[in-house]
Visitor: 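Dropping the structure in here first, questions after.
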Amino acid sequence: MKFSVFKDKLVRKIDESRLNSALEGYLNLDPVESNSNAEVTVMTQLYAKAIYMGVAAIHSLIRKLECSVNIEVIDDGSLTNEHHVILFNAFPGLTITKIENIERYGCPAGGCWERLLRIQELTDNYYVIQVDTDILVVNEIPEINDCINANRAFISSSPDWPKTVSIDEIVDYSSKSGSQNIQFEAERQLSKITSIDLAHYVRGCAAFTGFPKGAGLTDKLSKFSQEMESILGKRWHEWGTEQFACNTMIALCENLNVLPWPKYQNFCFPEFRPLIEGTNFNEEVAVIHFIGSNRFKYNVYLNYAKSLLNLLSNK
């Protein structure tokens, strides 16, 4: 093994250890009980290494909501009984759904598809907020509470895609890009689609979404997926198709709210310097998705996790 590779792996392990040590403190917060009779479900898909991140993400979100919530966690198959105990202690009454028990309705397996499918099932009875494990909610989120009250869908995005676009526009953009990435390839096919009546498209992020109660998208998702597979073949089973499918399904929701950037952002996509350079919570930012290895950049996730834990502990 080259020294540089060994060094990178060592640094990554140290970073992960420091972050987990900080996030473990969220287990000491007062429990928040899940309410199955609530109008809103907060859900996430969780894997063993992200157990502390998941607890922190859920705590940070539900404490900013103006309503009680039902909490559901999808166990990707890696969680142990010990992990389940941690979750039940933090959120008494929550539902843990085994990923293998989720109906796929003819859609691909893996790649977060089960999560998207379970969301659609839950919208029969709830407004559903999907929150990735690597998210922190650090300030007030009136836009989210307003969407809940209005039963209005929302999705986070970027400064390049602040609103929905026409099908012609996204097809033209993805075609001119020349990229072979599966999302671009799938977007190039949208003008051919007949299984759903798609008036526009949103290039958002599935990490933080809200699907309205009564969305009724399960059958549409199933038919759309099967049509896309007939066009793309095996490529439709690649990682990234769920993100594209989520964008497409949520674009079907009436009066979709594409959340404003930088208040709702994917960290370092693009960089928002006030967040990186600040020492306290930046008032311009409310929800941060610390995607992938970016969670270790500039120690922002670590510092915000510590500060937020201190704030929540003193309430």
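Just so it is clear, the structure is predicted and the values come from calculations on it, not from any experiment.
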Visitor: With a 4.5 Å heavy-atom cut-off, do Phe296 and Leu302 have their side chains touching?
Guide: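 Heavy-atom side-chain distance check fails, nothing below 4.5 Å.
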Visitor: Measure the CZ-CD distance between Arg115 and Gln130 for me, rounded to the nearest 0.5 Å.
Guide: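 Interatomic distance, Arg115 CZ to Gln130 CD, rounded to 0.5 Å: 4.0 Å.
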Visitor: Indicate the atoms forming the closest heavy-atom contact of Asn247 with Arg203, along with that distance.
Guide: ND2-CA, 4.0 Å
Visitor: Step by step, would you call Lys49 with Glu16 a salt bridge (Lys or Arg N to Asp or Glu O under 4.0 Å)?
Guide: CA-CA 10 Å; Lys49 283 190 174 181; Glu16 289 177 346; 5.4 Å; no
Visitor: Rounded to the nearest 0.5 Å, how far apart are CE of Met53 and CG of Leu23?
Guide: 7.5 Å
Visitor: Do Gln189 and Leu232 have side chains that approach each other closer than 4.5 Å (heavy atoms only, starting at C-beta)?
Guide: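 When only atoms from C-beta onward are counted, Leu232 and Gln189 do touch, with a gap below 4.5 Å.
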Visitor: How long is the straight-line distance from CG of Leu27 back to CG of Asn89, given to the nearest 0.5 Å?
Guide: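 One finds 8.5 Å between CG of Asn89 and CG of Leu27.
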Visitor: Which residue in the set Thr95, Thr97, Ile58, Ile51 passes side chain to side chain contact (heavy atoms under 4.5 Å, CB included) when paired with Val73?
Guide: Ile58
Visitor: If you compare all heavy atoms of Glu227 against all heavy atoms of Ser230, which two are closest, and at what distance to 0.1 Å?
Guide: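 So the minimum-distance heavy-atom pair works out to O-OG, 2.5 Å.
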Visitor: Do we get Arg18 above Tyr52's six-membered ring, with its NZ or CZ under 6.0 Å from the centre and within 45° of the axis?
Guide: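 Not satisfied by the 6.0 Å and 45° rule.
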Visitor: What closest approach, in Å, do Asn145 and Glu66 show between heavy atoms, and which atom pair accounts for it?
Guide: OD1-N, 2.9 Å
Visitor: Do Asp160 and Ser158 pair up side chain to side chain, a donor and an acceptor below 3.5 Å, judged on atom types alone?
Guide: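 Looking only at side-chain atoms, Ser158 and Asp160 do not form any donor-acceptor pair under 3.5 Å.
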Visitor: With a cut-off of 6.0 Å (strictly less than), are more than 12 heavy atoms of other residues, nucleotides or ligands near CD of Glu82?
Guide: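 Not buried by this count: 12 neighbours or fewer within 6.0 Å.
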Visitor: Val128 pairs by side chain to side chain contact (heavy atoms under 4.5 Å, CB included) with which of Asn70, Thr209, Thr123?
Guide: Thr123
Visitor: Once rounded to the nearest 0.5 Å, what's the spacing between atom CD1 of Ile102 and atom CD of Glu114?
Guide: 6.0 Å
Visitor: Backbone N or O of Lys234 within a donor-acceptor pair of the His237 side chain at under 3.5 Å?
Guide: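 The answer is no, because no donor-acceptor pair under 3.5 Å joins these two groups.
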Visitor: Which atom names give the shortest non-hydrogen contact between Asn257 and Cys147, and what distance separates them?
Guide: ND2-SG, 3.6 Å
Visitor: Can you name the nearest heavy-atom pair linking Ile196 to Phe224, along with the distance?
Guide: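 Of all heavy-atom pairs spanning Ile196 and Phe224, the closest is CD1-CD1, 3.7 Å.
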Visitor: Is Phe208 reachable from Ile74 through a run of hydrophobic residues whose side-chain heavy atoms are each under 4.5 Å from the next?
Guide: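 No, separate clusters.
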Visitor: With Met249, which of Leu217, Thr218, Ile119 fulfils side chain to side chain contact (heavy atoms under 4.5 Å, CB included)?
Guide: Leu217
Visitor: Which heavy atom in Arg152 sits nearest to a heavy atom in Leu256, and how many Å separate them?
Guide: NH2-O, 3.7 Å
Visitor: If only atom types and distance count, is the side chain of Ser60 paired as donor or acceptor with the main-chain N or O of Val137 below 3.5 Å?
Guide: yes
Visitor: Give the intermediate values and the outcome of side-chain contact (heavy atoms from CB on, under 4.5 Å) for residues His84 and Asp75.
Guide: CA-CA 9 Å; His84 287 190; Asp75 177 350; 2.9 Å; yes
Visitor: Can you tell which of Glu284, Glu143, Glu140 makes a salt bridge (charged side-chain N to carboxylate O under 4.0 Å, His left out) with Lys263?
Guide: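 The single option meeting the salt bridge (charged side-chain N to carboxylate O under 4.0 Å, His left out) with Lys263 is Glu143.
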Visitor: Using a 3.5 Å distance criterion without hydrogens, assess whether the side chain of Ser175 forms a donor-acceptor pair with backbone atoms of Asp172.
Guide: no
Visitor: Between Phe267 and Ile276, is a side-chain contact (heavy atoms from CB on, under 4.5 Å) present by the stated rule, with each step listed?
Guide: CA-CA 9 Å; Phe267 185 59; Ile276 294 167; 4.0 Å; yes
Visitor: Do the side chains of Ile291 and Ile129 join up, straight or via other hydrophobic residues, at under 4.5 Å, putting them in one cluster?
Guide: no
Visitor: Does NZ or CZ of Arg188 fall inside the cone over Tyr201's six-membered ring, less than 6.0 Å from its centre and within 45° of the axis?
Guide: no
Visitor: Measure the spacing between CZ of Phe88 and CD1 of Ile96 and express it to the nearest 0.5 Å.
Guide: 4.0 Å
Visitor: Report yes or no: do Ser225 and Trp236 form a side-chain donor-acceptor pair below 3.5 Å?
Guide: yes
Visitor: side-chain contact (heavy atoms from CB on, under 4.5 Å), that's the test. Do Ser156 and Val287 meet it? Break it down for me.
Guide: CA-CA 9 Å; Ser156 58; Val287 176; over 6 Å; no
Visitor: Considering only heavy atoms from C-beta outward, does the side chain of Glu254 approach that of Pro212 to under 4.5 Å?
Guide: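 They are not in contact (no side-chain heavy atoms under 4.5 Å apart), so the answer is no.
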Visitor: If you define the side chain from C-beta out and look only at heavy atoms, does anything of Met228 sit under 4.5 Å from Thr248?
Guide: no
Visitor: Begin with the C-alpha distance, continue with both residues' side-chain angles, and end with the deciding distance and a verdict on side chain to side chain donor-acceptor pair (under 3.5 Å) for Ser166 and Asp168.
Guide: CA-CA 5 Å; Ser166 70; Asp168 287 343; 5.4 Å; no
Visitor: Counting C-beta onward and ignoring hydrogens, is there a side-chain heavy-atom pair between Leu87 and Ile71 closer than 4.5 Å?
Guide: no
Visitor: Are side-chain heavy atoms of Phe290 and Val300 found at a separation under 4.5 Å?
Guide: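 Yes. Closest side-chain heavy atoms under 4.5 Å.
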Visitor: Counting only heavy atoms not in Glu283, do more than 12 fall under 6.0 Å of its CD?
Guide: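 No - once you tally the heavy atoms of other residues, nucleotides and ligands closer than 6.0 Å, there are 12 at most.
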Visitor: With no hydrogens and no angle check, just 3.5 Å: does a side-chain donor-acceptor pair link Ser195 and Gln226?
Guide: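 Distance-only check fails for Ser195 and Gln226.
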Visitor: Using modelled atom types only, decide if a donor and an acceptor are shared between the side chain of Arg295 and the backbone of Gly292 within a distance under 3.5 Å.
Guide: yes
Visitor: May I ask you to decide if the ring planes of Tyr26 and His59 are parallel, tilted or perpendicular, using 30° and 60° as cut-offs?
Guide: tilted
Visitor: Please walk me through it: do Glu72 and Arg118 pass salt bridge (Lys or Arg N to Asp or Glu O under 4.0 Å)?
Guide: CA-CA 10 Å; Glu72 179 163 329; Arg118 181 59 180 154; 2.7 Å; yes
Visitor: If we count only N and O atoms by modelled type, under 3.5 Å, do the side chains of Glu24 and Asn20 hold a donor and an acceptor together?
Guide: no
Visitor: Look at the rings of Phe272 and Trp261 and say which category their plane angle falls in: under 30° parallel, 30 to 60° tilted, over 60° perpendicular.
Guide: perpendicular
Visitor: So, do Glu187 and Phe244 sit near enough that their side-chain heavy atoms are less than 4.5 Å apart?
Guide: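 A side-chain contact under 4.5 Å exists here.
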Visitor: Is atom NZ of Lys64 surrounded by more than 12 heavy atoms (other residues, nucleotides or ligands) closer than 6.0 Å?
Guide: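 Yes, enclosed.
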Visitor: Taking the side chain as everything from C-beta on, heavy atoms only, tell me whether Phe91 gets closer than 4.5 Å to Val55.
Guide: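 Answer yes - side chains close enough.
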Visitor: Return yes if a side-chain donor-acceptor contact under 3.5 Å exists between Glu169 and His200, otherwise no.
Guide: no
Visitor: Hey, what do you get for CZ (Phe154) to CD1 (Ile250), rounding to the nearest 0.5 Å?
Guide: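 So the CZ of Phe154 and the CD1 of Ile250 are separated by 7.5 Å.
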Visitor: Are Leu198 and Phe211 joined in one hydrophobic group, where the rule is that I, L, V, M, F, W and Y side chains link up if heavy atoms are under 4.5 Å apart?
Guide: yes
Visitor: Quickly, which of Leu136, Asp132, Asn294 forms a side chain to side chain contact (heavy atoms under 4.5 Å, CB included) with His289? Name it, please.
Guide: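 Answer after filtering Leu136, Asp132, Asn294: Asp132.
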Visitor: If hydrophobic clusters are built from ILVMFWY residues whose side chains come within less than 4.5 Å, do Tyr127 and Leu117 share one?
Guide: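 Not linked; separate clusters.
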Visitor: Quick one: do Leu312 and Asp30 satisfy side-chain contact (heavy atoms from CB on, under 4.5 Å)? Show the steps, please.
Guide: CA-CA 9 Å; Leu312 295 178; Asp30 290 340; over 6 Å; no
Visitor: Transitively linked via ILVMFWY side-chain contacts under 4.5 Å: Ile141 with Tyr304?
Guide: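 Linked, Ile141 and Tyr304 end up in one cluster.
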